[in-house]
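Only a predicted model underlies this, so the values are computations on that prediction, with no experimental measurement involved. Labels below follow one simple rule: chain letters A, B, ... track the order of the sequence lines, proteins then strands, and each chain is numbered from 1.
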Number of protein chains: 2
Amino acid sequence: MSERRPGEIPEATVARLAVYLRVLTGLVDASTVIVSSEELAAIAGVNSAKLRKDLSYLGSIGTRGVGYDVTLLREKIASSLGLTQRRTCVLVGVGNLGHALAGYPGFSSRGFTFVGYFDVDPGRVGDPIADSKISDISELESVVEANGVSIGVIATPAEAAQTVCDRLVDAGVTSILNFAPSVLAVPDNVDVRKVDLAAELQILSFHEHRKSRGPGDGLVESVG
Amino acid sequence: MSERRPGEIPEATVARLAVYLRVLTGLVDASTVIVSSEELAAIAGVNSAKLRKDLSYLGSIGTRGVGYDVTLLREKIASSLGLTQRRTCVLVGVGNLGHALAGYPGFSSRGFTFVGYFDVDPGRVGDPIADSKISDISELESVVEANGVSIGVIATPAEAAQTVCDRLVDAGVTSILNFAPSVLAVPDNVDVRKVDLAAELQILSFHEHRKSRGPGDGLVESVG
DNA sequence: AACCGCTTGTGAACGTAAGAACAAAGTCGA
DNA sequence: TCGACTTTGTTCTTACGTTCACAAGCGGTT
Ligand SMILES: NC(=O)c1ccc[n+]([C@@H]2O[C@H](COP(=O)([O-])OP(=O)(O)OC[C@H]3O[C@@H](n4cnc5c(N)ncnc54)[C@H](O)[C@@H]3O)[C@@H](O)[C@H]2O)c1
Ligand SMILES: NC(=O)c1ccc[n+]([C@@H]2O[C@H](COP(=O)([O-])OP(=O)(O)OC[C@H]3O[C@@H](n4cnc5c(N)ncnc54)[C@H](O)[C@@H]3O)[C@@H](O)[C@H]2O)c1
């Protein structure tokens with residue numbers, strides 16, 4: 001019955017590991033040495049059984065009767081997420097959103113190095129950005145190849161996203177973070193994650209709609 | 001065995017409805033009249049059976065042997081998501097990211113009206129933003145209450161997020177979109193969605209890490 | 001009207017994830 | 001050294017989500 005291979009971490013768990021990592025970094029900063037699953041789960045906003053199960057995929061890290069060594073756990077999670085080596089990234093499309101992303105220090109502090117910011121607009125190319133400069137999109141491939149870039153961030157309009165994606169993939173990028181509202185087609189070996197902000201608001205809208213009709217009543221409003 | 005109430009749409013489905021809606025809007029613009037589940041699924045990047053099941057929660061909309069009426073389906077999804085009425089929103093924290101969000105026309109075009117942009121920084125208050133002005137955070141409650149705001153967007157630093165959240169909730173906001181890397185505590189009747197961009201990169205990093213060790217082999221590199 | 005080809009809507013099988021509950025395994029005090 | 005106590009790691013159950021496969025239903029054609 002579908003025994004999970006050791007080292008195979010469920011997708012849902014991976015997403016939460018990133019959250020635990022952030023919480024643990026906060027605890028390290030606060031000089032906390034030991035934390036129990038109950039405490040950590042409370043801070044991370046999850047069920048403690050779920051947290052323990054998540055951590056169990058990384059091996060047996062805690063001490064029964066005591067809890068988890070904060071520093072050790074943080075390192076273990078970081079290494080599971082492949083964060084022991086810095087990852088190089090490029091950003092394509094330095095408009096409104098691209099500027100915000102480029103100016104965010106949280107990426108670098110978490111081990112992500114942006115080695116290039118690209119735009120097609122000649123009016124923007126050369127502009128300073130995050131102690132670097134906006135490069136022309138024509139330089140994309142050479143920068144990606146020279147730096148072994150593995151992650152590409154797309155913040156262009158939707159129409160350009162697939163073209164940009166194809167170029168990134170051809171140049172060797174194997175992970176894409178897409179902010180454009182479009183579905184990207186990629187080869188099997190490439191991972192895509194999308195951030196669809198309008199969709200987020202629409203999902204909230206759905207729940208608002210549901211709430212406003214009263215929770216769980218079968219009342220159908222004005223049919224016919 | 002847990003029969004699903006009519007009108008109860010699974011969470012995973014709701015998230016995809018937003019995607020279908022966007023695709024359908026594109027089809028309407030392209031004057032497409034009818035679309036089959038196969039076509040629509042291909043564009044939306046999902047399995048066609050999944051798409052049909054998703055749509056089946058909205059009732060029987062398609063015509064067997066033919067497909068779905070694009071306009072009708074679009075309207076049906078929009079109404080299910082509660083997008084027939086415009087939703088009013090406020091944005092708190094008009095820094096890097098907040099500016100990008102405020103300048104984005106895609107929210108308004110999808111039925112979300114921002115009625116206030118708030119910041120605590122006196123140096124920013126009064127600055128023009130998206131044919132409006134940045135307001136002082138002290139005006140938050142009055143604007144929320146006066147406009148019946150249901151959605152609050154938080155783009156402040158993590159430290160301020162919980163405080164801002166509490167104020168939004170107290171003022172009557174029942175849905176929160178949180179960009180700050182922090183876990184928000186809210187009452188049961190309030191929905192929170194978080195957008196954690198650093199976590200997205202870390203998830204991609206995980207898969208990079210996994211890929212670089214070869215897909216699925218049990219090989220452990222350089223232990224000891 | 002009867003048939004044919006096509007596409008929907010759904011029931012059943014499968015897979016993944018969440019949560020409850022508890023045995024195992026450790027610490028600490030006597 | 002022993003026993004009481006605490007918290008982990010895991011098993012088992014239940015819920016949720018995805019995919020397959022096909023009967024049901026519709027439009028067009030003869
Ligand atoms: N700004 C937001 O808050 C927001 C919210 C939701 C979604 N988005 C999406 O994010 C994307 C970017 O949004 P934005 O507000 O920054 O838009 P923007 O128009 O301000 O910026 C887009 C940038 O991409 C550049 N560009 C266009 N084609 C390109 C190409 N082929 N190669 C390289 N660069 C190219 C443009 O020159 C421009 O600088 C859009 O797809 C938008 O729909 C943005
Ligand atoms: N910029 C990005 O690309 C990015 C990426 C990932 C996460 N984030 C997160 O999004 C949030 C905003 O990021 P940013 O880059 O815009 O930061 P920023 O510092 O540029 O902007 C934060 C704004 O919030 C305001 N603020 C602070 N406390 C406030 C309060 N109590 N009430 C109202 N306003 C307050 C500040 O005056 C400032 O204008 C942060 O939590 C950040 O971690 C941003």
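Listed candidates were dA18(C), dT18(D), dA17(C). Nearest to the side chain of Glu11(A) is dA17(C). Of the candidate nucleotides dT18(D), dT8(C), dG9(D), dT18(D) has the atom lying nearest to any side-chain atom of Arg16(B). In the set dG9(C), dT10(D), dT8(D), the nucleotide with an atom closest to the side chain of Ser56(A) is dT10(D).
Inter-axis angle, ends of the helix from dA1(C)-dT30(D) to dA30(C)-dT1(D), five pairs per end, rounded to 10 degrees: 0°.
When Leu140(A), Val153(A), Ile151(A), Val149(A) are each tested for a side-chain contact (heavy atoms from CB on, under 4.5 Å) with Leu168(A), only one passes: Leu140(A).
Ile9(A) has its CD1 atom 15 Å from the P atom of dT16(C), to the nearest Å. Here the P atom of nucleotide dG9(D) and the NZ atom of Lys76(A) are 11 Å apart, to the nearest Å. Rounded to an integer number of Å, the gap from CG of Leu51(B) to C1' of dT18(D) is 13 Å. Protein atom CG of Asp54(B) is 7 Å distant from nucleotide atom P of dT18(D), rounded to whole Å. Rounded to whole angstrom, the span from the CD atom of Glu39(B) across to the C1' atom of dC6(C) amounts to 12 Å. Atoms NZ (Lys50(A)) and P (dC16(D)) sit 13 Å apart, rounded to a whole Å. Atoms CD (Glu8(B)) and C1' (dG17(D)) sit 16 Å apart, rounded to a whole Å. Remark: P of dG9(D) and CG of Leu55(A) are 8 Å apart, rounded to the nearest angstrom.
With respect to Arg22(B) and Asp196(A), a salt bridge is recorded, a charged nitrogen being found less than 4.0 Å from a carboxylate O. With salt bridges taken as basic N to acidic carboxylate O contacts below 4.0 Å, one links Lys211(A) and Asp191(B).
Asp54(B) and Tyr20(B) form a side-chain donor-acceptor contact under 3.5 Å, judged by distance and modelled atom types alone.
Not one side-chain nitrogen or oxygen of Tyr68(B) sits closer than 4.0 Å to the OP1 or OP2 atom of dC26(D). Ser36(B) has no side-chain polar atom (N or O) that falls below the 4.0 Å cut-off from OP1 or OP2 of dT7(C).
The closest side-chain heavy-atom distance from Val186(A) to Cys165(A) is below 4.5 Å. The closest side-chain heavy-atom distance from Ser175(B) to Val190(B) is not below 4.5 Å. The shortest side-chain heavy-atom distance between Ile34(A) and Val70(A) does not fall under the 4.5 Å cut-off.
Side-chain atoms of Ser108(B) do not come within 3.5 Å of backbone N or O of Pro105(B) as any donor-acceptor pair. In terms of modelled atom types and a separation under 3.5 Å, the side chain of Arg87(A) and the main chain of Gly82(A) share a donor-acceptor contact.
Each of Ile61(A) and Ala12(B) was matched to the nucleotide of DNA chain D holding its nearest heavy atom; the match closer to the 5' end belongs to Ile61(A).
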Distances for protein N or O near nucleotides 20-26 of chain C N or O, under 3.5 Å:
unit_1, atom_1, unit_2, atom_2, d
dA24(C), N3, Arg64(A), NH1, 2.7
dA25(C), O4', Arg64(A), NE, 3.4
dA25(C), O4', Arg64(A), NH1, 3.4

